[in-house]
Number of protein chains: 2
Amino acid sequence: MEIYLKSVAALNDETRVLLLRFLDHYGETCVCDMQASLDMIQSRLSRHLKILKDAGFLRVERKGTWAYYSIRSPLDRFRNEALQEIRYLDIELPPLKKLSETEGCKI
Amino acid sequence: MEIYLKSVAALNDETRVLLLRFLDHYGETCVCDMQASLDMIQSRLSRHLKILKDAGFLRVERKGTWAYYSIRSPLDRFRNEALQEIRYLDIELPPLKKLSETEGCKI
DNA sequence: TCTAAATATCAACATATCTTGATTTAATTA
DNA sequence: TAATTAAATCAAGATATGTTGATATTTAGA
């Protein structure tokens, strides 16, 4: 029950669906760039990323103070099917702001 | 967004997972037999069946005062994968009590 | 049409989840 | 080690969802 319900619960939120879509589209991104691109409060973003990670959808790699999130690969059948479903949704993605590469984040 | 989020929300509840598992295992069953078999309060059962139906997982057929629910077929890829996932869960199913066929329900 | 049985819906409360701002932790650099 | 930046966690209030008992609806039969 555990894993299944956790992954379904993770999928059951518009913010997290957007995050999955974002990372699926733009690939590995650091938290501060997501924050800038999605105009989302830091604690909120961090919370949802954690939920997605704990549910097996995301992986994190730390590089210094930055944390880079990306979609875990390979995903199992169910999670993959969910991601597929999300690809078909009519969600408008904001442009990616890569602050981290230029002037730094300074949020 | 609508349909996808609705179907995910429907999957995001232990009671509804149990109901899907039950109907997947025993096939078409009337509400009063589910009520007896699962020892579940009527309004609660009715609520969850409605949510599953509205999310595209179940169909209903009325025969007199009885309502027979069953898993809709065919299911789309995502819902089908979810059902598959549910089949692997370690859920103990109660035996099926077919009151409707014998003495009637009289709940 | 009155009654009864099966099911659906409603209202009130309980519980869970999300949002926000504040605080804490971790890593880097002076 | 002190200061700074990025990210994680916490606490409180707001919102959504589930549970229950009561009521309404639907259908069948006397």
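What you see is a predicted model, and the numbers here were worked out from it, not measured in a lab. Convention: sequence-line order gives letters A, B, ...; per-chain numbering from 1.
- The side chain of A:Y69 places an N or O atom within less than 4.0 Å of a non-bridging phosphate oxygen (OP1 or OP2) of D:dA8.
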B/S/- along nucleotides 21-30 of chain C (protein heavy atoms under 4.0 Å) is BB----BS--
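- A:D13 places its CG atom 5 Å from the P atom of C:dC18, with the value rounded to the nearest Å.
- The one candidate from B:L96, B:D39, B:L45 that meets the side chain to side chain contact (heavy atoms under 4.5 Å, CB included) condition with B:M34 is B:L45.
- Both the sub-6.0 Å distance and the 45° axial angle are not jointly satisfied by B:R72 relative to the ring of B:F57.
- Atom CE in B:M40 sits about 8 Å away from atom P in D:dT19, given to the nearest Å.
- Counting heavy atoms from C-beta on, the side chains of A:P94 and A:L38 come closer than 4.5 Å.
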* Checking ring-ring contact (aromatic ring centres under 6.0 Å, His included) for the pair B:Y4/B:F78: CA distance, chi angles, key distance, verdict? -> CA-CA 9 Å; B:Y4 166 78; B:F78 176 66; 5.8 Å; yes
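- Note: NZ (B:K6) to P (D:dT17) measures 12 Å, nearest angstrom.
- Shown here for A:H48 and A:D13, the closest heavy-atom pair between the two residues is CE1-OD1, 3.8 Å.
- Straight-line distance from the CG atom of A:L5 to the P atom of C:dA16: 14 Å, rounded to whole Å.
- Taking atom CG on B:L19 and atom P on D:dG18, their separation rounds to 12 Å, with Å as the unit.
- In this structure, A:Y68 does not reach the D:dA6 phosphate: none of its side-chain N or O atoms is under 4.0 Å from OP1 or OP2.
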Legend entry - Verdict with supporting geometry, B:M40 and B:T15, side-chain contact (heavy atoms from CB on, under 4.5 Å): CA-CA 10 Å; B:M40 196 175 293; B:T15 302; 3.9 Å; yes
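- Whole-Å rounding puts the A:N12 CG to D:dT17 C1' distance at 10 Å.
- When all heavy atoms of B:L11 and B:V17 are compared, the pair lying nearest together is O-CG2, 3.6 Å.
- Contact check of residues 45-58 of chain A against DNA chain D (heavy atom, cut-off under 4.0 Å) returns A:S46, A:K50.
- Stacking of B:K53 on the aromatic ring of B:Y69 is not recorded, the 6.0 Å distance cut-off and the 45° axial limit not both being met.
- Considering only heavy atoms from C-beta on, A:L83 stays 4.5 Å or farther from A:R79 through its side chain.
- Rounded to whole Å, atom P of C:dA8 lies 10 Å from atom CD of B:Q35.
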